[in-house]
Amino acid sequence: MGGCSARARPELLLLLLGSAWLRVGSAQPTPPGPSHPPGAQLRFRLAGYPRKHNEGRVEVFYNDEWGTICDDDFTLGNAHVLCRHLGFVAATGWAHSAKYGKGVGRIWLDNVNCAGNEKSIGDCKHRGWGNSDCSHEEDAGVVCKDERIPGFKDSNVIETEQSHVEEVRLRPVVSGGRRQLPVTEGIVEVRYKDSWAQICDQGWDSHNSRVVCGMMGFPAEKKVNRNFYKLFTERQQLNYRLHSVSCTGTEVHLSLCSFEFYRGNSSAACSSGMPAVVSCVPGPLFATGNAHKKKQRQQQQQQGQPRIRLKGGARVGEGRVEVLKSSEWGTICDDRWNLQSASVVCRELGFGSAKEALTGARMGQGTGPIHLNEVQCRGTEKSLWNCPFRNITQEDCKHTEDAAVRCNIPYMGYENLIRLSGGRSRFEGRVEVAVGAGDGDQPRWGLVCGEGWGTLEAMVACRQLGLGFANHGLQIRLAGGRTEFEGRVEVKRGSKWGTVCSDGWTTKEAMVACRQLGLGYSLHAVTVGDSEEGSSDALASPSQTTVGLRGDGGTWIPCGQLEAWAAVVGGLAAAWVKVIPGNPATSPATHPASPPRQETWYWDASNVTEMVMSGVKCAGHEMSLSHCQHHGASLSCRNTGTRFAAGVICSETASDLLLHAPLVQETAYIEDRPLHMLYCAAEENCLASSARLANWPYGHRRLLRFSSQIHNRGRADFRPKAGRHSWVWHECHRHYHSMDIFTHYDILTPNGTKVAEGHKASFCLEDTECEEDVAKRYECANFGEQGITVGCWDLYRHDIDCQWIDITDVKPGNYILQVVINPNFEVAESDFTNNAMKCNCKYDGHRIWVHSCHIGDALSEEANKRFEQYPGQLNNQIS
C-alpha cells in the first residue's frame, strides 16, 4: 500500500462527497426501474473535480434521485446525446473509469448504445433503468463542444465556478486534538480548488452540526465553546466559501442543505461572524477516555440487548439490517428503503449518517422471518422502531429483497498502520505493520509472525486495510533446491504441503508459479517423458500429495510418478518436471520421512525483514490487528525469517453458509447399525472412540442420523481451500475429500459438556439444488469441481455414511444437538456467527425427540438462555 510518505495526515478528517447521495456502489445488479421514463422526469448535470464547465461526470436525475452512467460499451454517440441534454451542440470526447471522480447514488444506466441522433438517452438501447453490474469506479464522463444550443434554457446549466460541495473535513485546533483520533471537534472546512475554505457561522444551528457530525461518522452533536474558537480565529487568515447554510438535520450530506456561495473576493465576508465549528459525540466503538466509555457501557446496560444489528458486511458500519421482534431476529424488506431510514439505523448503532441504502440483498440474504416492510423514517427518529412501517406476509417479500446499509464511520487511521507488499494486486501480499508511530515519529515497519495465522486474523487484516473479506488462496513455496531460487513447487492444503501436478504444464503455468514465487518470468516449460534416477520424496512423506500429468509425446504418466520443479536460470525462470520411478500405489507409510526442505515465501518482495508482531489471535470482529491478542513487545516466533511471515489475500465478496434447521428436526432418527457395515466409517473416524474396543464384526453402534442441507447465502461461491489436484482419495468409500473437516456434530449437556461427537469430511461439495434462475456450477461426478454456488445448497442425506453422531455411549437424558459448519474457519465467510445450529433433544434410551432447531444467533439473548435451561420433554407430544 505504499510507504509512510503516502499516508494521510491523521489530524485531518476527509470525506469525499458527490452530488447525489443514494449510493448502491458494489458490482451487483440493482433492481430495475421502469423501462422508459417520461422525458420530463429526466434532468442532467456535470459533476466531478477537476474539470471545466463543459466536461465532467454525467449525472442523471430520474425517479427523484441523482445517479450516474456506467462506461460499459460507452461510445461517442452516447456522448453526443448526453451533451445535447446538457445544452451543448455536440460532444468532442468521453471519459471512462471515473476520470472525474467516483459518483455516489444509483448507477441508473449501463450498456448504453446510442446511434448519436436520438432525442433522449432513454431512446437508446440499455439494460433498463437501475439495472447495472458496475461500480462507481466505472462512471462515465463526457467532454462537450464549448458551444451552446441556441435558445437552450435549463435551470441546471453548469457554471464556470464549481457549484458542488464535494469534500469536507473537520480541522481540529486544540493541541491535544491534533494527535488523538477520532477528531470529534473542529472547524468545518470544504475543499475549494486546491485549498480549503471555511463556512460562515451566521445562522448556524444544531441541525447543521448534526448533518456534519453524521457525515464524519458520529451519531450526535453537542454544544461547543464558541468563545475559545473566536479568540483563535481572530489571529487566522480565513477564506470563506459558504454562508447561509440551513439544514433540517435529516440530510445525509451538507450539499443537500440550502446554502450560498461567496462570489469573487471573499476577504471581507462573514464580517460579523466566525467559522462554523462543530463538536460531535462518538459512538461506543470509537469512544475515547475511560469516563466516556464507562458512561456508554452504563447506557447500554440500561437499554438491554440491542434490537437492531448489521450482518454480513466486510467493514465496520456496513451490513444487512436485522431487527429483533418476538425474541427472534429477522430482516427488513427493501420496499421504499432509502437514506433517511438507513441513517436512523446507522445513528442508532452508534455510527454517523448513511452513505448508502442498499437494496436487493447486496450484503447477502438473511434467514428466518422478514419482520418489516416499507419502512418510512423522516430521519429524526432515535430508533428504527419509531418509524412507520408495514407488517408483511410471506407473499410480500423474499430474502432476495433484504435491505442493507453502509454507514459513515469516523476516520481512525487504522489503514495507515498496515500495508501489503509483494502481491500481484493490491488485494494480496505479505502483511507489514507499523510500530512506534506517534507524535510525529516516523513509523517502523515490520512483519507479523506466521505461526498461528489463520482466516480470522486475515479477516481483521483485510478489514483494517479496507479491502473487504479475507479470501483463501494457495500458499506456495520451493523445496529441496540447492538455493532459495530453485526447488520443487509445493502448495499448501490446510496444514499440509504437497507437490504440484503439472497436468498440461506449459509456459503459462510456469509463469504463474514463478510470479507467485517472486522469481521473475518463465523462460520455457519442459515436461520430461523419460525416466531419471531420483528420490521418491513425493511418496515418502504423508504430507505430500502427488497427481498425474502428461509427459512430452502426448502420453499420460500415472499419478505419483512425477514432481513439479521450478528454477531461475540467468535471471529468468524455467519450470520442468522430474519423473520419479516407483509404484504410485505404494503406501506412503512404507517409506521413511523426507528430510526438511528450505522454504521460500512467495511474497518476499520488500526490504522489510524484522518481525515485530507475534502470537496474533483474533476473534474476527476487531478493527485492527493491534486490537487482537498478541505477544506485545515480548516476541515469540520460532521462525523469524521473512519467508515465514504472515500474508493475506483479500476479496470484496465472500460466501456465507448456513444450515437449514427445520430439515434436521424433520429427519432425525435412531439406527442400530451392525459393525460389519461400519468398516469404512471407522477408517474415516466417524465413530466414537469406544468403537475401537468393540468385538468386530459382531455387535452394533447406535447412530443418531439426520439430513443436513447447507445453503450459500453469501455473495461469492464457497470453494474448498485446496484445488482438486491436492484432494485426498479415500479408497474405502472411493471418493475425494476436498476439506478434512467440513462439519462438526456434537451432543451436549444443557451446561455445554460434550458427551458425543462426529465430524463430516467434505467428500462431495456440490450444488444439489438451486434457487430459481440460478444455474448449478459444481458437481462431484467424474472428478468435477467442488463448491456451493451462491443461491444453491448442498444436501447430505441421512442415509449416507458419517451423516450421524455415534450415541452408543450416551445415557438417557436431555441434551442439545449442535451442528457447526466450517468449524476450523478453513474457508473465509462473510459471517461465521450463523455457522452453528442447535436443537433441543430428549433421549429415553430407545427413542429421541429433536425439536426447537434454530441457527445459533437467530434468537434473543433471553430466548437462548431459556433454550439452554430446557428441562426436557415430559411426553411425546412436541408442541
Side-chain angles (χ1 to χ4, degrees), residues 300 303-313 319-335 337 341 344-345 348-349 361 363-375 383-405 621 656-666 668 708-711 713-714 748 750 752 793 816-821 829-841 849-871 873 878-879:
Q300 288 177 327
Q303 295 169 354
Q305 183 184 13
R307 297 181 63 197
I308 190 165
R309 68 185 183 185
L310 300 182
K311 302 281 284 184
R320 180 178 61 254
V321 182
E322 296 190 352
V323 292
L324 184 63
K325 184 180 180 183
S326 302
S327 297
E328 188 174 8
W329 287 98
T331 60
I332 297 176
C333 188
D334 62 11
D335 291 352
W337 186 247
S341 299
V344 171
V345 169
E348 184 175 357
L349 291 168
M363 289 290 175
Q365 295 182 37
T367 186
I370 301 174
H371 284 318
L372 308 179
N373 188 24
E374 295 189 11
V375 179
S383 171
L384 189 74
W385 292 102
N386 301 135
C387 302
F389 62 85
R390 190 167 69 88
N391 290 315
I392 65 170
T393 62
Q394 192 67 33
E395 292 76 29
D396 288 329
C397 288
K398 298 179 181 178
H399 282 296
T400 53
E401 302 170 79
D402 284 343
V405 297
H621 57 74
D656 184 19
L657 298 188
L658 55 91
L659 192 67
H660 185 57
L663 185 64
V664 175
Q665 184 170 312
E666 295 165 6
S708 62
Q709 185 173 297
I710 299 167
H711 293 246
R713 293 294 187 92
L748 312 173
W793 56 89
I816 293 173
L817 165 63
Q818 177 178 274
V819 179
V820 183
I821 309 168
E829 297 184 50
S830 61
D831 185 5
F832 286 116
T833 63
N834 59 9
N835 281 29
M837 185 222 65
K838 294 181 179 181
C839 304
N840 280 133
C841 56
W849 292 267
V850 176
H851 65 102
S852 302
C853 295
H854 65 278
I855 300 300
D857 68 341
L859 303 182
S860 66
E861 293 175 359
E862 183 180 345
N864 269 323
K865 289 177 182 177
R866 290 198 303 267
F867 175 88
E868 291 165 4
Q869 294 170 359
Y870 162 69
Q873 279 297 122
I878 299 176
S879 57

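The shown structure was predicted, so the numbers you read here are calculated from the model rather than taken from an experiment.
For H711 and Q709, the side-chain atoms include at least one donor-acceptor pair closer than 3.5 Å. K838 and S852 share no side-chain donor-acceptor pair at under 3.5 Å. A donor-acceptor pair shorter than 3.5 Å can be found between the side chains of S383 and E348.
The distance from atom CZ of R713 to atom OG1 of T400, rounded to the nearest 0.5 Å, is 9.5 Å. Interatomic distance, OG of S326 versus NE2 of H371, reported as 6.5 Å (0.5 Å rounding). Here the CD-CE distance, from E322 to M363, works out to 13.0 Å after rounding to the nearest 0.5 Å. Considering SG of C397 and CG of D335, their distance stands at 4.5 Å, rounded to 0.5 Å. Atom-to-atom distance recorded for D831:CG and L310:CG is 11.5 Å, nearest 0.5 angstrom. Rounded to the nearest 0.5 angstrom, Q818 CD and L748 CG are separated by 5.0 Å.
Side chain of W337 to backbone of A404: a donor-acceptor contact under 3.5 angstrom is found. Put simply, the side chain of H854 never gets that close to the backbone of P662: no donor and acceptor are under 3.5 Å apart. A donor-acceptor pair is defined here as one N or O able to donate and one able to accept, closer than 3.5 Å; such a pair exists between the side chain of N835 and the backbone of I821. Using a distance-only test at 3.5 Å, with no hydrogens or angles considered, a donor-acceptor pair links the side chain of Q665 to the main chain of C853.
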L349 vs I308, test: side-chain contact (heavy atoms from CB on, under 4.5 Å). Steps then yes/no.
CA-CA 8 Å; L349 291 168; I308 190 165; 3.7 Å; yes
Run the side-chain contact (heavy atoms from CB on, under 4.5 Å) test on F389 and E374 for me, step by step, so that the C-alpha distance in whole Å, both residues' side-chain angles and the decisive distance to 0.1 Å come before the verdict.
CA-CA 5 Å; F389 62 85; E374 295 189 11; over 6 Å; no
For N840 and V850: C-alpha separation, side-chain torsions, deciding distance, then whether side-chain contact (heavy atoms from CB on, under 4.5 Å) applies.
CA-CA 6 Å; N840 280 133; V850 176; over 6 Å; no
D334 and D402: CA distance, side-chain angles, deciding distance, side-chain contact (heavy atoms from CB on, under 4.5 Å) verdict
CA-CA 6 Å; D334 62 11; D402 284 343; over 6 Å; no
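T367 places none of its side-chain heavy atoms less than 4.5 Å from the side chain of N834. Residues V664 and L817 are in side-chain contact: their nearest non-hydrogen atoms beyond the backbone lie under 4.5 Å apart. A heavy-atom distance below 4.5 Å is not found between the side chains of E328 and S860. Side-chain contact between V819 and S708: absent, with no pair of heavy atoms (C-beta onward) separated by less than 4.5 Å.
Here K311 pairs with D857 in a salt bridge; the nearest charged N to carboxylate O distance falls below 4.0 Å.
Closest of all the heavy-atom pairs between W385 and L324 is CZ2-O, 3.3 Å. The shortest non-hydrogen separation linking L657 to E829 is N-OE1, 2.8 Å. In plain terms, the two heavy atoms of Q365 and H399 that are nearest each other are CG-O, 3.4 Å. Across every non-hydrogen atom of S341 and L384, the tightest pair is O-CD1, 4.0 Å. Across C387 and V344, no two heavy atoms sit closer than the pair SG-CG1, 4.3 Å.
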